[in-house]
Every structure is written in C-alpha cells, then in structure tokens.
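Beneath this line is the structure, given in structure tokens, with notes to follow.
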Amino acid sequence: MPRRPNIVLVLADDLGFSDLGCYGSEIRTPHLDALGDQGARMTAFYNTARCSPSRASLLTGLHPHQTGVGILTGSTLPEGYPGTLTPDCATMAEVLGDAGYRTALIGKWHLSTDISTPGPAWPSRRGFQHVWGPLGGSCSYFQSTSLVDGETPVSIDDPDFYLTEELGRRAESFVRSAADGADPFFVYLAFTAPHWPLHAPESAIESVAGRYAAGWDETRHDRLRRMVALGMFDEGTDLTDRDPAVVPWADVADQEWQQRRMEVYAAQVELMDAAVGRVVAALEETGTREDTLVIFLSDNGGCAEEIAPGWVDEMDPVPYSTPARTLGGERVRRGNDPTVVPGGPQSFASYGRPWAQVSNAPFREYKHWVHEGGIATPLIASWPSGGLTHGWVREPGQLPDLMTTVLEATGTRYPERRGLHAIPPPEGRSLLAAWKGEGGRGPEPVLYFEHEGNAAIRQGAWKAVRRYSQPWELYDLARDRTERHDLAASHPERLADLVASYARWAQRCGVRDRAPIVAGRPAPGRAGGLVAPFVSSVPAIR
C-alpha cells in the first residue's frame, strides 16, 4: 500500500484576499508564491468571516453553528451558542490520529472559552498529540500570552522572541522529527499573523519602508491591475468604491504614520511567509515534500477594527492579551493614534479600515461581514505527487469542504461517533477533482454563511447577501464579483428561492438569527461599517 500523504494545513489570521504576491499584492511572499505556482490557487474559496467560527468549521467539516462556536469563544447568551468546541463533533486531528497519523497543532487554537484550566475543548484533548501555541485570540508577538506546551503554560522572557518566527521554527522541528517515522503526519500551523497588534522587528519594517507612500487609493488600483494581469479577473472588472468612511489619500493628515501602519502589517505578512518557507524547506530536505499536501488559507478578510487609545496599566481590568509593560519595563500604550508609533512591543495598534480595504481589494466590506471582502480568502493547494493543476481554480468552495477533501486525499473514513457522542456527517464536498482541473463533479455546490446576523447564500454564480437587519441583496458574481450592482428588484423570484434555501439551512444547522454580539451584548448595526469599534478592555471581540 502506498504511503498516505502528509497534510500541512496553514492558516493565516486576518489576512485579506489580495495580500499575497500570487494574488496581486505588492507584499513580498516568495515562498507562498512558489507554492501557488506549483499547485492550485482558488479564486472563490470562502471562510466564515471571523476567527473562532472559521477555525471550528475548518477543523470539523461542519458549519460553525453545529460546533458550539457560532460567534466567538466566550460569546454566550442564554439562548445562544456554548462558545466553546462541543464534544459532539470530531476534529481533523482526531479523525487522522485514529487513522494512524502523527498530529500537531503549532499556533493559535481559539476554540476553548476556558484557557486557564485544561478541559475537554483544549487541543491536547481534541486529537493533537503535540501542541505549542496560544490558546486564546490576539496577543503581543513579543510577549505572547496564553501559550502552552501541551498543557503546560509557557512564559516568555526572551527579548529576541517573536511569535511568528517561533511558530515557524517549531513547525519545522516537528516535520523533521515526524519525517523519520513510518507514519504520515498532520501539521496544523495556525499563525496569529497578521492579526493586530501591529508588531514586527524593526529590521523587517525597514525592509518595506516607503512602499506605501502612494497611499491606499493607488495601492488598491494597483492590486486590481495585477490581479487582471495574473488572470484572476477579466479586463473590465470593477473596483469597489472607496469606503465612504475613508478619506482620499490626498486629504490624509499624518501620512507618514498611516504609511507606517501598513508597513508593519506588510512586514508581518512577509515574516509569516518566511516561516512557511522554513517548513517547506524541511519537507524538501527530509524527502517528504512530494507526498505532502500543503494547504494555505486565511480565517477571514482584512480587519477594519480600530483600537481606542490608552495606557494599558490604567485600564480596569487589564486585558489578558496585552502586557502592561514590556520586558524592558516600558509602559505599553494601546490605540490607533499618531502619537502611538506601531511596530514595537511598547505599542498595541491595528491598521484600520483604510488599509483593510486594500487587503480586501477589489471587494466590499471586512471581517465580520459576509460580503466578498469579509469571506473571500486566498487558498493554495500544493501536492507534487497528487496530480493537482498548476493554475487558477474557479469552482467555489468553503471551509467544510476541506475535511472532505483531506479524507479523500488520505483514504480516511469519517466516523459516525466520537466516543459516546453521535456526530453529524461532514457538510462539505471534496475539492480534489477541482484541484486536479477536472471540476464539475457532482451537483452545483450551494454555500451558506452566517455571522452575527450577517447572512449569505451562493448557488452557482448567484449570491444573496445581507447585513444584519438590512434587506437582502442579489448579485450575479459571474458578471459582478465585486457586488456593485444589486439585482434584487429585477430578479425577485430568484432571490426568494435563495432566501428560502438559506432559511432551511439555518434551521437545520441551529443558526440563531439575531443582532451582532459585542462583549456579550447586542450591538447596533451600521450599514457599510463595523458592528462596533474594538473595545480595548473587552477580550471577547478578538
């Protein structure tokens, strides 16, 4: 029997659709670009618009509402989701581990509400034999919190520590160790990059200095031009309008500070790419690259969340994700303000709405929303011996498809039970045929999305989508991928059919259709903008 393929599943955090070089970006990502050149790149793959739900769906093959993580970990209401991974679903690590794979999580978990006491939703108890990384959401890259080695807390006292680089080193080490064994391996490498805070070594930031002097308007247009040149989109594809809350670059005050925000973000992406390069090099040097399926994607679109200014040591309570002082004793100041220069450990900032619109170019909206900007992700699949196409794959897909795809690739059967618990079958369909350039296998996929009351359904080229409490919109994505021309009024019957299908799915999967939740309470909707600004003292919005 031939050796089953190894699986390396790489997840970026808050990376936008066009933030990779092979997806049109000016950010230098040579290692991911090489994987893209050697494999399949999807133009219409979707996540679920937010950190925890995407992770839950990715690892279980279910919709997040079926896993207990319909919003975020800790986002619970009496009638709501548990906010932690429930026992009546199986993770990819559990399924592959039972089939003889060595399994490892290197990176962010974010699927357990309790991150202080080992419990049933910890990764070490959900199939991962080797675990190293943060259990929670966002954290300092220099003084990372909620880190565990297995189930042992890890404290950082190394002034040269940088989380992204450490995750790359540890994933590389696991690959080299696992390659010596007879069993295949599964590595889930879940970066926190490039999620805020904007943290990067100064040398990495200096390497991108000046790259964004032209500003966000020109950068967005340049990205779309490169996408067209790469064959992702047709000539004549429309760029979405500038977000009405974003001023033209020519009118921006503090341009140098605004440039710095995006420079740090770009440095974070480039350091993540270098970490992926370490893992790929380990695969090549151990002779396992040919038989390894590497999948790369992001958990949601670029993040427009802003952070209110303030000294961390003056906050009550102090957010656990933010150290009050650096290892050198400096006070840490949070917030998006020109007086806070992002990049170093004494800062805790985000890049905001204007640059998030660049990350999501050419689409509308951001993380939290299920318009294309919130859910479209780059997806690269590279498997040298697997017969994958080297080019664009235009068939749509979404997170539950990856479990089914991995099962087919590894010849693994999905269980009907997890211990004493009956579990639902995977919701997805295998993408292997599409990745091999065959496509068209089976019926036309129907994709469903819901997050915080924002909802969508895509069937073929047609997509119905709404913001919470707003009317449904309808788009023909074959002609209008950037969702500029709402056809709801001219195709009411088609819209009604899609909405009815969505309602049946929502009822079957236990979707709670209600107001967006911020810090455990409903937040007012805002068309075209954030549900609410990031509240720096409340960890639930991570």
Side-chain angles (χ1 to χ4, degrees), residues 16-18 22-24 36 40-49 220-221 223-241 297 301 360-365 369-381 389 391-401 428-431 433-450 454-467 471-502 505:
F17 179 75
S18 63
C22 60
Y23 275 75
R41 281 177 283 171
M42 297 189 72
T43 64
F45 192 82
Y46 297 104
N47 49 50
T48 65
R220 279 210 312 140
H221 282 88
R223 286 197 179 189
L224 179 56
R225 283 192 286 269
R226 282 190 290 268
M227 291 181 208
V228 171
L230 287 167
M232 293 174 64
F233 298 121
D234 295 333
E235 290 279 358
T237 297
D238 291 331
L239 184 69
T240 52
D241 295 335
L297 70 160
N360 296 337
F363 300 136
R364 294 171 54 193
E365 297 293 5
W369 282 270
V370 294
H371 286 75
E372 295 291 283
I375 57 175
T377 172
L379 186 138
I380 297 169
T389 187
W392 296 110
V393 173
R394 304 188 187 279
E395 185 171 337
Q398 64 179 147
L399 289 175
D401 296 336
R429 61 202 293 271
S430 177
L431 296 170
W435 290 353
K436 291 180 178 181
E438 299 167 5
R441 182 194 293 180
E444 185 177 61
V446 183
L447 313 180
Y448 300 95
F449 309 88
E450 189 279 338
N454 304 303
I457 172 175
R458 174 171 174 168
Q459 183 170 18
W462 289 96
K463 179 182 177 184
V465 59
R466 70 164 191 220
R467 303 180 186 89
W472 284 92
E473 304 160 16
L474 180 67
Y475 299 98
D476 178 357
L477 298 185
R479 296 177 174 83
D480 181 24
R481 181 72 192 280
T482 51
E483 298 172 313
R484 290 172 54 87
H485 307 290
D486 182 4
L487 303 177
S490 56
H491 294 273
E493 293 182 357
R494 184 179 293 277
L495 177 60
D497 287 344
L498 290 172
V499 172
S501 178
Y502 170 85
W505 167 82

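Numbers here are sequence positions counted from 1.
- The distance from atom CD of Gln398 to atom OG1 of Thr377, rounded to the nearest 0.5 Å, is 13.0 Å.
- Residues Ala434 and Thr389 come closest through the heavy atom pair O-CG2, 4.5 Å.
- Counting heavy atoms from C-beta outward, Thr48 and Leu399 have side chains that approach closer than 4.5 Å.
- Under 4.0 Å is where a charged nitrogen must lie from a carboxylate oxygen, and between Asp497 and Arg494 no such pair does.
- No donor-acceptor pair closer than 3.5 Å links the side chain of Asn454 to the backbone N or O of Arg467.
- For the atom pair Cys22 SG and Arg41 CZ, the distance stands at 5.0 Å (nearest 0.5 Å).
- Leu487 is listed as a side-chain neighbour of Trp462, based on a closest heavy-atom distance under 4.5 Å.
- The pair Glu444-Arg429 does not meet the salt-bridge criterion, since no charged nitrogen lies less than 4.0 angstrom from a carboxylate oxygen.
- A heavy-atom distance below 4.5 Å is found between the side chains of Leu447 and Pro396.
- You'll find the side chain of Val446 stays beyond 4.5 Å of the side chain of Arg458, heavy atoms only.
- Taking CG from Asn47 and CZ from Phe449, the interatomic distance works out to 8.0 Å, rounded to the nearest 0.5 Å.
- A donor-acceptor pair is defined here as one N or O able to donate and one able to accept, closer than 3.5 Å; such a pair exists between the side chain of Asn360 and the backbone of Gly373.
- The nearest pair of heavy atoms linking Trp435 to Ala40 is O-CB, 4.0 Å.
- Distance OH/Tyr23 to CH2/Trp392: 5.0 Å, rounded to 0.5 Å.
- Judged purely by distance below 3.5 Å, without hydrogens or angles, the side chains of Tyr46 and Glu372 pair a donor atom with an acceptor atom.
- Annotation: side chain of Pro362 is not in contact with side chain of Ser18 (no heavy-atom distance under 4.5 Å).
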Hey, mind stepping through Leu477 and Glu483 against side-chain contact (heavy atoms from CB on, under 4.5 Å) and telling me if it holds? CA-CA 7 Å; Leu477 298 185; Glu483 298 172 313; 4.1 Å; yes
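- Interatomic distance, Met232 CE to Leu224 CG, rounded to the nearest 0.5 Å: 9.5 Å.
- Residue-environment remark: CZ (Arg479) stays at or below the threshold of 12 foreign heavy atoms within 6.0 Å.
- Minimum interatomic distance between Arg220 and Asp241 (heavy atoms only, all atoms of both residues): NH2-C, 3.6 Å.
- In this structure a side-chain-to-backbone donor-acceptor pair under 3.5 Å is present from Arg226 to Gly24.
- Other residues, nucleotides and ligands place more than 12 heavy atoms under 6.0 Å from the NE2 atom of His485.
- Contact detail for Ser501 and Tyr448: the closest heavy-atom pair is OG-OH, 2.7 Å.
- Donor-acceptor pairing under 3.5 Å is lacking for the side chains of Arg484 and Tyr475.
- Across all non-hydrogen atoms, the minimal contact from Met227 to Ala361 is CE-O, 3.0 Å.
- Atom CD1 of Ile457 sits about 5.0 Å away from atom CG of Leu498, to the nearest 0.5 Å.
- Asp486 has its side chain within reach of Leu474: a pair of non-hydrogen atoms, C-beta onward, lies under 4.5 Å apart.
- Taking the six-membered ring for Trp and thresholds of 30 and 60 degrees, Phe233 and Phe363 have ring planes more than 60 degrees apart, a perpendicular arrangement.
- Residues Lys463 and Glu473 are not paired through a salt bridge, judged by the lack of any N-O separation under 4.0 Å between the basic side chain and the carboxylate.
- A donor-acceptor pair shorter than 3.5 Å cannot be found between the side chains of Thr240 and Arg364.
- The minimum heavy-atom distance between Gly16 and Pro378, with the atom names listed, is O-CD, 3.8 Å.
- The closest side-chain heavy-atom distance from Trp505 to Glu450 is below 4.5 Å.
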